[in-house]
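Step one of this worksheet: look at the structure below.
Residue numbers start from 1 in every chain, and the chains themselves are labelled A, B, ... in the order their sequence lines are given, proteins ahead of strands.
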Amino acid sequence: MSDYKYDHQAVEEKWLQSWESSGLFCSTDLDLNESDLKNKEYLLYAFAYPSGSGLHVGHVEPKTALDIQARFKRMNGKKVFFPVGWDAFGLPAENYAIKTGIHPKETTKAAINTFRRQVKRLGISYDWSSETATNNPDYYKWTQWIFQQLYKKGLAYQSEGKVNWCPSCQTVLANEQVVSGRCERCDSEVVQKDLKQWYFKITEYKDELIEGLRQVDWPEPTKNQQINWIGRSEGAEVDFSIDLDNKSAQKITIFTTRLDTIFGATFMVISPEKFEQKNLFKFLSQDNQQKVQEYITLAYKKTEEDRKIGEKDKTGVDTGLKIINPFNQEKIPLYVADYVLGGYGTGAIMAVPAHDERDMAFAQKFNLTIKEVVVDGHLINSGEFTGLEVREAVSKMIAAKPDVSRSSVNYKLRDWLISRQRYWGAPIPVVYDPEGKAHLVKEEHLPWLLADDVDFKPTGESPLKSSEEFKARVEKLYGAGWTPEYDTMDTFVDSSWYYMRYCSSRDSLQFADKKRLQDWLPVNLYLIGPEHIVLHLLYSRFFTKFLRDEGYLNLPSGEPFAKMRHQGMILGPDGRKMSKSKGNVINPDEIIKEYGADTLRVYEMFMGPLEADKPWNPRAVAGVSRFLRKIYRLVNLEIAKYKNSSSQLIENRAELVQKLHWVIQKLSLDLPELKYNTAIAALMEFSNLWEKSADDSKLLLKKEELLAFIKIIAPLAPFIAEELYSQSKLLGLKMQSSVHLESWPEYEASLVQKASVVVVVQVNGKVRSQFEWPTSRIDEKESILNEAKSLESMKKWLDGQKIQKEIYIPGKLINLVVS
RNA sequence: GCCGCGAUGGCGGAAUAGGUAGACGCGCGAGACUUAAAAUCUCGUACUAGCAAUAGUGUGUGGGUUCGAUUCCCUCUCGCGGCACCA
């Protein structure tokens, strides 16, 4: 057989240059007309942070997966928008600056350049004309503008309170960024600190953030995680009064999801924060005042980690006060204990040790009464409510005491703390007058530029404080004694609206054009790692809903991402997460150098289902390379035969033609479903069959068939497809300048079917024989059953047996039930 | 503890409106080409017994529904992810 060498390096470089100079796909016309609207396809990959270490094989998978969609959809006549940009603010660049003194501006620029080059080398067909980066003033101008819109609506506010402080990063963290008491970035233990900080009132949208999930096509587990994070729970509030001699009407309100157990409440617990806030010290005896004060001081010192230890060993202190249960008038003791959280519900609970584990643990430690009030779903020892079922008891109890009880709903979701005491982020566009009152930076002063003259060394205060220019700027623009806000915004603010900016990346007058947003949103397919489920997605949905409510966006659902899927993690060859310290990192540049970008792309798509975590297998990469070279050889063999005009089609080619139509159908169905691994397997099956007769001197495929095959590999392996397409121009067919401008080939349903099928014969569910049968006659049940029963190989299974039942699944199998 | 996901050959994985389990790739074995090697190609490859035809077993465990279960239902075990003193 002739030898066709495929020089991946030369071929890929050649087409990269060709695509670059022809501007293929790098600029989408975003102004749609009526007929484009139904055809639009907005494909989005999670905003990437341009890290200094460059592209990782883990980035290659989702980028390729979406690129295949983009190419496939274009070939199917869709108007595709496939933008790219950089989530360029953030800690790593700043930490690097602390170490080296190199300005984050410089390192970020260099990192973006590296990423851009690497992504292009992979053959990702991004629309580079809409490229953007969050650290560009023309981007963060609008991040700041959105902050100001939120502020004007009372949805951005300042509040003093306990915040999560990471002593290593020297900044506060949002609740979402604290992972079991530790900083999600650096794993240091998070401590509580009192600080005045900026918050976004995401809780304003809590119910809609749950409701909206019904309208999107997202993986169910993802929806569940968001719902759990928002943590809606229905229950009741009940007012208990404090038993005081002077009859002053002091009340403590509790929240419970188990109002039905209220007759079992044997004590009450209030959180340290709430006790202080309600200023209940004055009702305590001198002695108790001191004890309670000591306990509260101690509790505040605890870190999250200490509180966790407390799960097993509960602490608390008896206030000496008695509280009256409004349902049975029982007087029960009031404890202060930190197992009740100040920030959830009303900060106080009725403790029912018989029906709550935590209350039980506390009761046992402090020797408190335990009273059972529910058995087998029915109330006991509950006065007039005894005998009722749990469910009806709750509503009847509220109805019986409307003055002291009401139904109530609580959420775990808190407002989003966005202040960061860091440098490399968008400055919060606020200035303070000499009295310390906050004012928005005037709109004409946006973008409110990030000062350059700063000292990066962490001091626990915002690095911007060290900028002379920043202070001078504020005094110059706003007057003597005015000062800037020195904190910057959480980078999640930047990435909460980038998919809108993409539609108008160059617009200097507005954050995005309303018509374009209406035309392009929602995103048709969002591919994003599972690590972004609670943070980024929740914040982005909040922003979209807010901007919709402000009239900047016509999107009734307020849901920016109509369909979302997750990619899995590419693990090292040892099956563990790749990391430098484990020495199991695969460098994509090296794979491209050895095998080419097509091999890297196809291999990663072939590893397994997109959403699964998959270990890297160096040998299997070589297998994919082998497959691509085989394709190259097979196509070239056919082209060579066509050069010889006397060549004739081989007579017996029905099987190959059937397989070709089958593989076109398989890809047509699998590609839009992102089932790339099975699509590639089908291509391999086809080329294996093709190869069997490759040595025949007669033609195996018609010109159009050969071309159809080249077209269907184009989304997966764009370089080799382009090369083969270019070589096929010799065939004299009417062709485009690039295979990537071609349309997707049709398959003929009649040709997908094989001429005959194999019918399996089972006896009592076990396979005993099989026979071939013409596909055209698969509906002839009687003849098929007769054929099965008369098979020589069936004799020993049927002799002397009585057939009780005959089951025929058309074209597949027969099951004979005998006894 | 709660919520969610998963378990199939030596390995990655296919196949679920219930219908031949193991497609495709890797690895392994045998062969062709070659002075030889590489590359490439061909054949074989779930397990057990057998020279073979063939038979039996088999999709984490135990049970159920069914003519028929990897697929549906129940139980348990293990692994992964998220949340976690949220009343």
Could you tabulate the donor-acceptor pairs under 3.5 Å formed by side-chain atoms of residues 758-765 of chain A, not counting sequence neighbours?
unit_1	atom_1	unit_2	atom_2	d
A:N764	OD1	A:V818	N	3.0
A:N764	ND2	A:V818	O	3.4

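- A:N328 meets the side-chain contact (heavy atoms from CB on, under 4.5 Å) test with A:F263, A:N325, A:E330, A:K371; sequence neighbours excluded.
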Provide a list of protein-nucleic acid N or O atom pairs under 3.5 angstrom, restricted to nucleotides 1-3 of chain B.
unit_1	atom_1	unit_2	atom_2	d
B:C3	O2'	A:N228	ND2	3.2

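- Listed by first and then second residue, the salt bridge (charged side-chain N to carboxylate O under 4.0 Å, His left out) pairs that reach into residues 799-819 of chain A are A:K789-A:E806, sequence neighbours excluded.
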Measure all distances between protein nitrogen or oxygen atoms and nitrogen or oxygen atoms of nucleotides 31-33 of chain B, and list the pairs falling under 3.5 Å.
none

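- By the salt bridge (Lys or Arg N to Asp or Glu O under 4.0 Å) test, A:R626 pairs with no residue at all, sequence neighbours left out.
- For the side chain to side chain donor-acceptor pair (under 3.5 Å) test, no residue two or more places apart in sequence or in another chain qualifies with A:R391.
- Using atom P as the reference point in both B:G6 and B:C72, the two lie 10 Å apart (nearest Å).
- Shown here are the ring pair (Phe, Tyr, Trp, His ring centres under 6.0 Å) partners of A:H532, two or more places apart in sequence or in another chain: A:H536.
- For A:K314 and B:C85, a side-chain-to-base donor-acceptor distance below 3.5 Å is present, hydrogens and geometry of angles not being considered.
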Checklist outcome for this item: A correct dot-bracket answer for RNA chain B, with pairs being Watson-Crick or G-U at under 3.5 Å, [ ] for crossing pairs and | for inter-strand pairs, is (((((((..(((......[....)))((((((.......))))))((((....))))..(.(((..]....))).))))))))....
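- Looking at every heavy atom in both residues, A:M578 comes nearest to A:L571 through CE-O, 3.6 Å.
- Here A:R768 pairs with nothing under the salt bridge (Lys or Arg N to Asp or Glu O under 4.0 Å) rule; sequence neighbours left out.
- Judged as a side-chain contact (heavy atoms from CB on, under 4.5 Å), and not counting sequence neighbours, the contacts of A:E237 are A:T253, A:F255, A:T346, A:R406, A:S408.
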Every protein N/O within reach of nucleotides 23-25 of chain B N/O, cut-off under 3.5 Å:
unit_1	atom_1	unit_2	atom_2	d
B:A23	O2'	A:E685	OE2	2.7
B:G25	OP1	A:N688	ND2	3.1

